[in-house]
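These notes concern the structure reproduced below.
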Amino acid sequence: MGLILAVKTLSRRVPENRFYFFQGHSCRAYVKRFYVFLVATIEKQICFLNRSVYRLTSGKIKLYDERIVNVPRERIIINFINHIAIIPDGNRRWAKKKGLLSEGSLYDKGAANFQYITEALFSKGVNYVTFWVSSVDNLKNREKSLVKAMHKLYAKKFTELLNDSKIMENKIKVQVCGSWRTFLEKDTIDMIEQLLVKTANNDKGILTLLVAYDGKIERGQAVISLLDDHVLEKNINKDPLTFNSLLKKHSWTGYLPSVDFIIRTGSWNDPHNSADFLSFLTGDSQLYFPEVYWPDFDSNWLEKSLQEYTSRERRKGS
């Protein structure tokens with residue numbers, strides 16, 4: 001736009017009756033012609049982009065047929081990030097640092113943050129957002145007061161999700177994976193079931209919540225399901241990659257694409273991808289450990305995280 005403005009300004013300032021050349025045409029006339037040509041060329045390129053978008057995948061440029069007319073600029077910038085998984089760690093350490101000792105308010109700030117970050121990611125064009133809400137250990141082995149606070153929080157947040165008009169307006173499908181039917185209270189289970197049914201036909205994005213999730217249990221359940229379906233099939237392809245695909249298909253999260261980017265807060269001093277976290281989907285994931293506890297992960301940290309991802313070269317071992 002700066003170049004176009006400069007040429008347009010120049011075309012106005014060159015006198016009409018000066019520097020005649022090329023069969024009597026003025027310099028100003030030629031500058032105007034160049035301006036028209038430049039604008040037409042740029043408009044043609046924009047039309048091309050409206051028909052197809054280049055995405056950066058595995059270090060190579062690939063062409064995808066996608067409409068991006070009227071798409072906000074920030075949505076185009078990170079459009080190639082398809083699936084982001086977040087491990088929102090550090091709630092208790094944040095609360096201790098702030099002097100919040102009540103279990104009832106321990107997770108409130110982090111829970112509010114979840115809604116904001118989720119909406120921001122979908123608005124930027126991310127198609128799949130996955131949150132690890134809790135592990136089996138969180139609901140089984142922590143202090144009873146903490147577990148009680150978590151149950152209360154789940155009942156509150158799933159009620160809010162069920163009544164959230166933006167979920168339906170933006171056509172976001174909600175999925176919940178893990179052993180949540182085993183560990184959650186009946187009223188919360190019923191609320192989740194209603195939420196799953198209500199959003200089942202939404203198709204603009206998928207929000208996956210991992211509740212009472214354990215990767216070891218997911219793999220075990222996948223094997224059981226696989227054997228139930230294929231134990232009698234003698235002609236099944238014995239190729240290991242075929243079995244790997246089948247195992248993923250039978251897993252809780254088999255409907256999801258591979259995770260592009262994992263953000264784990266609260267672990268910069270001990271960076272690690274939590275044991276068994278989405279093991280079917282994270283073989284080629286990029287990891288990021290921002291130096292912040294989850295309740296303080298705001299819009300600035302989100303932008304910094306996305307910029308970190310876009311600046312990396314994804315080689316996938318090549």
Check: Gly266 main-chain N/O paired with Arg93 side-chain donor or acceptor under 3.5 Å: yes

Donor-acceptor contact present, side-chain Glu218 to main-chain Thr253, <3.5 Å: yes

Distance-only, no hydrogens or angles: does the Asp298 side chain make a donor-acceptor pair with backbone N or O of Asn300 under 3.5 Å? yes

Please name the pair of heavy atoms, one in Arg312 and one in Leu287, separated by the smallest distance, quoted to 0.1 Å. NH1-O, 2.8 Å

Without placing hydrogens or testing angles, list every side-chain donor-acceptor pair under 3.5 Å for residues 114-122, not counting sequence neighbours.
unit_1, atom_1, unit_2, atom_2, d
Gln115, NE2, Glu119, OE2, 3.4
Thr118, OG1, Phe114, O, 2.7

Describe, in one word, how the ring planes of Trp132 and Tyr213 are oriented to each other, choosing from parallel (under 30°), tilted (30 to 60°) and perpendicular (over 60°). perpendicular

Should the heavy atoms of other residues, nucleotides or ligands under 6.0 Å from NZ of Lys109 be counted, would the total exceed 12? yes

Any salt bridge between Glu308 and Lys304, counting N to O under 4.0 Å? no

Are there over 12 heavy-atom neighbours, none belonging to Asn201, within less than 6.0 Å of that residue's CG? no

Would you say that Trp252 contacts Ser179 through its side chain, given a criterion of any heavy-atom pair below 4.5 Å between the two side chains? yes

Mind checking whether Trp301 and Phe297 have parallel, tilted or perpendicular rings, split at 30° and 60°? parallel

Under 4.5 Å between any side-chain heavy atoms of Lys204 and Asn170, yes or no? no

Would you please classify the geometry between the Phe131 ring and the Trp294 ring as parallel, tilted or perpendicular, with 30° and 60° separating the classes? perpendicular

Please answer whether the main-chain N or O of Asn82 pairs with a side-chain N or O of Asp260 as donor and acceptor at a distance below 3.5 Å. yes

Side chain proximity check, Ile262 to Leu278, heavy atoms < 4.5 angstrom: no

Using a 3.5 Å distance criterion without hydrogens, assess whether the side chain of Ser134 forms a donor-acceptor pair with backbone atoms of Ala212. yes

Is a side-chain donor-acceptor pair under 3.5 Å present for His83 with Thr130? yes

Side chain to side chain contact (heavy atoms under 4.5 Å, CB included) filter on Arg219, not counting sequence neighbours, yields Lys216, Asp276, Ser279, Phe280

Sequence neighbours excluded, which residues qualify as side chain to side chain donor-acceptor pair (under 3.5 Å) partners of Asp203? none

Tell me whether the centres of the aromatic rings in Trp180 and Phe158 are closer together than 6.0 Å. no

Quick one: does any side-chain atom of Asn113 pair with a main-chain N or O of Gly110 as donor and acceptor, under 3.5 Å? no

Glu169 and Lys166 ion-paired at < 4.0 Å: no

